[in-house]
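Counting begins at 1 with the first residue of the sequence. Side-chain atoms are counted along with the backbone in the values below, which use heavy atoms only and exclude waters and symmetry mates.
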Amino acid sequence: LGVAQAARPGTRARPRETSSLDAYRAYIEGWLKIESLDTDLVDASIRDFERAITCDPGYALAYTGLANAEFVTYEMSRLMSDAARRALHAGIEHARHAVSIDEGLAEAHATLSFLLTSAGRFEEARAAALSAVDREPDSWRHWYRLGHAAWGESRVRALEHALMLYPQFAFALFEAAMVQ
């Protein structure tokens, strides 16, 4: 805890983690619920991330986790007439807030990209994904999100890069095939 990111030229180093053990614990509990892919746990994950933010309002990763949980909330209702658009817009705002807290946090940019893509704001989504890739070029997740926000040859190239980093990620093949 309390580890600072390496500063890029012209940027100020910001804390990547929190000094609050309670905030960290709540963040981890929320993320474990999201990663379980159990949709029954999404509301509980939102409460975990909100608890982390209450413990440390400057914890950018907690806002990113909350934005991801709100994305899942939206996706669970997307095909219904009363889709949880409020969750989508709240997720965008939470991801933007995470970026404002820690401009160097690639996960915040990548999460913002995913949410903006769902909102149909593709130019902004590609810019956010490019920011994530620029900050962490060895993350298959960021390359995947760039591919998800792109189309045509740009999508194929980004997804090929994601597959180079994580060859078992079959969904990238599916998204690349959509271009065909």
Ala69 to Val42 - nearest heavy-atom pair and separation: O-CG1, 3.7 Å

Asp22 vs Arg25, side chain to side chain contact (heavy atoms under 4.5 Å, CB included): CA-CA, chis, key distance, verdict: CA-CA 5 Å; Asp22 290 333; Arg25 182 179 296 122; 3.3 Å; yes

Test of ring centre spacing under 6.0 Å for Phe174 and Phe171: yes

Side chain to side chain donor-acceptor pair (under 3.5 Å) partners for Arg121, two or more places apart: Glu124

Atom pair OG1/CD1 of Thr39 and Ile34 - distance to nearest 0.5 Å: 10.0 Å

Side-chain heavy atoms of Ser118 within contact of Phe71, under 4.5 Å: yes

Residues Tyr74, Arg86; criterion side chain to side chain contact (heavy atoms under 4.5 Å, CB included); working and verdict: CA-CA 8 Å; Tyr74 169 73; Arg86 186 173 46 239; over 6 Å; no

Minimum-distance pair of heavy atoms, taken over all atoms of Ala95 and Ala108: CB-O, 4.2 Å

Backbone of Ser131 reached by a side-chain donor or acceptor of Arg135 within 3.5 Å: yes

Salt bridge (Lys or Arg N to Asp or Glu O under 4.0 Å) pairs, two or more places apart, involving residues 47-56: Glu29-Arg51, Lys33-Asp48, Asp48-Arg51

Pairing residues for Glu107 by the side chain to side chain donor-acceptor pair (under 3.5 Å) criterion, not counting sequence neighbours: Thr111, Arg141, Arg145

Pairwise side-chain contact, Thr117 with Phe122, heavy-atom cut-off 4.5 Å (strictly under): yes

Please tabulate, one pair per line, all N/O donor-acceptor pairs under 3.5 Å involving side-chain atoms of residues 146-154, not counting sequence neighbours.
residue, atom, partner, partner atom, Å
His148, ND1, Glu175, OE1, 3.1
His148, ND1, Glu175, OE2, 2.8

Set of residues satisfying side chain to side chain donor-acceptor pair (under 3.5 Å) with respect to Trp140, sequence neighbours excluded: none

Flag side-chain contact, heavy atom, 4.5 Å: Asn68 against Thr64: yes

Transitive ILVMFWY side-chain link Val99 to Ile101, under 4.5 Å: no

Pairwise side-chain contact, Phe49 with Tyr63, heavy-atom cut-off 4.5 Å (strictly under): no

Minimum heavy-atom distance between Ala67 and Gly91, given as atom pair plus value: CB-O, 3.3 Å

Nearest non-hydrogen partners of Ala87 and Thr73, listed with the distance: CB-CG2, 3.8 Å

Separation between CZ of Arg85 and CZ of Arg78, rounded to the nearest 0.5 Å: 10.5 Å

Distance in Å, His97 NE2 paired with Leu66 CG, rounded so as to fall on 0.5 Å steps: 10.5 Å

Phe169 and Tyr166 aromatic ring geometry - parallel, tilted or perpendicular at 30°/60° bounds: parallel

Beyond-backbone contact of His109 with Glu103, side-chain heavy atoms, under 4.5 angstrom: yes

Rounded distance [0.5 Å steps], CD1 in Ile92 versus OG in Ser113: 10.5 Å

Connected via hydrophobic side-chain network under 4.5 Å: Leu37 and Ile28: no

Set of side chain to side chain donor-acceptor pair (under 3.5 Å) partners for Asp43, sequence neighbours left out: none

Common cluster, Leu130/Trp143, ILVMFWY with side-chain heavy-atom separation under 4.5 Å: yes

Nearest-0.5 Å distance that lies between atom CG in Leu115 and atom NE2 in His94: 11.0 Å

Closest contact, heavy atoms only, Ala52 versus Ala62: CB-CB, 3.8 Å

Closest heavy-atom pair and its distance - Pro137, Leu165: O-CD1, 4.0 Å

Any side-chain heavy-atom pair of Leu163 and Glu160 under 4.5 Å: no

